[in-house]
> 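Structure below; questions to follow.
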Amino acid sequence: MTRDEFNAYCSAFPASTHVVQWGDADVWKVGGKVFAICGWNDGAAAFTFKVTDMAFEILPDMKGIRPAPYMASRGLKWVQHYASPGLSDSELKEHIALSFDMVVSGLSKKKRAELGLLKQKQPS
């Protein structure tokens with residue numbers, strides 16, 4: 001997945017917002033909470049996203065995936081796809097969608113209602 005494809009995909013999530021911060025990283029949020037980040041790793045795009053406890057144990061065993069720098073060291077369950085082979089584009093999209101769902105589920109019901117996310121639908 002290219003950085004442009006990542007941004008196009010994340011922009012399709014309902015109520016998502018985009019900011020550039022942390023040294024030119026594309027940061028995608030919902031309700032003010034981060035669900036996906038694309039930054040650089042040795043000149044290549046690196047994709048960071050929230051995962052379940054189980055995925056946090058399994059995914060870093062794959063070549064090209066590691067606990068997310070900074071976030072994982074703070075006890076957060078985030079991983080980074082930083083090199084090949086890593087995940088396929090479809091797998092990466094699936095994990096980003098799951099990250100979005102986890103972040104939305106952590107928002108208050110009131111906030112989800114304000115954002116129109118009580119019955120969210122994922123982009124395909």
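All heavy atoms count here, side chains included; hydrogens, waters and symmetry mates do not.
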> If I take atom CD from residue Glu5 and atom CG from residue Leu92, how far apart are they, to the nearest 0.5 angstrom?
10.0 Å
> Using the rule given for side chain to side chain contact (heavy atoms under 4.5 Å, CB included), can you reason through Ile96 versus Phe13, listing the C-alpha separation, both sets of side-chain angles and the distance that settles it, and then say yes or no?
CA-CA 10 Å; Ile96 292 169; Phe13 285 93; 4.0 Å; yes
> For the NZ atom of Lys63 and the OG atom of Ser84, what is their distance to the nearest 0.5 Å?
12.0 Å
> Would Ile37 end up clustered with Val19 when hydrophobic side chains under 4.5 Å apart are linked, directly or stepwise?
yes
> Just wondering, do Ser11 and Trp28 contact through their side chains at under 4.5 Å, heavy atoms?
yes
> Quick one: does Val27's side chain get under 4.5 Å of His18's, heavy atoms only?
no
> Can you list every pair that meets salt bridge (charged side-chain N to carboxylate O under 4.0 Å, His left out) and has a residue in residues 9-38, with sequence neighbours left out?
Arg3-Asp26
> What distance separates Asp89 CG from Glu94 CD, expressed to the nearest 0.5 Å?
13.0 Å
> Can you name the closest pair of heavy atoms from Arg112 and Ser105 and give their distance?
NH1-O, 3.7 Å
> Are Tyr82 and Phe47 near enough that their ring centres are under 6.0 Å apart?
no
> Report yes if some heavy atom in the side chain of Pro14 is under 4.5 Å from a heavy atom in the side chain of Leu115; otherwise report no.
no
> Start with the C-alpha gap between Val34 and Val103, add the side-chain angles, then the distance that decides, and say whether side chain to side chain contact (heavy atoms under 4.5 Å, CB included) holds.
CA-CA 8 Å; Val34 177; Val103 171; over 6 Å; no
> Would you say the side chain of Thr52 lies within less than 4.5 Å of the side chain of Leu98, judging by non-hydrogen atoms?
no
> Say whether Leu87 and Met102 are linked into one hydrophobic cluster, either directly or through other cluster members, by side-chain heavy-atom distances under 4.5 angstrom.
no
> Name all pairs fulfilling the ring-ring contact (aromatic ring centres under 6.0 Å, His included) condition that reach into residues 48-69, sequence neighbours left out, sorted by first residue then second.
Phe49-His95
> With sequence neighbours left out, write down each residue that passes side chain to side chain contact (heavy atoms under 4.5 Å, CB included) with Glu57, or none if nothing qualifies.
none
> Hey, does Pro67 have a side-chain heavy atom less than 4.5 Å from the side chain of Val79?
no
> According to a 4.5 Å side-chain heavy-atom criterion applied to Ile, Leu, Val, Met, Phe, Trp and Tyr, with indirect links allowed, do Ile58 and Met62 form part of one hydrophobic cluster?
no
> Mind listing the closest non-hydrogen atom pair of Leu107 and Gly31 along with its distance?
CD2-O, 4.1 Å
> So if I apply the ring-ring contact (aromatic ring centres under 6.0 Å, His included) rule between Phe35 and each of Trp78, Tyr9, Phe100, which one comes out positive?
Phe100
> Where do Ile65 and Gly86 come nearest, in terms of heavy atoms and distance?
CG1-CA, 4.1 Å
> Under 3.5 Å, side chain of Ser99 to main-chain N/O of Ala36, donor-acceptor pair present?
no
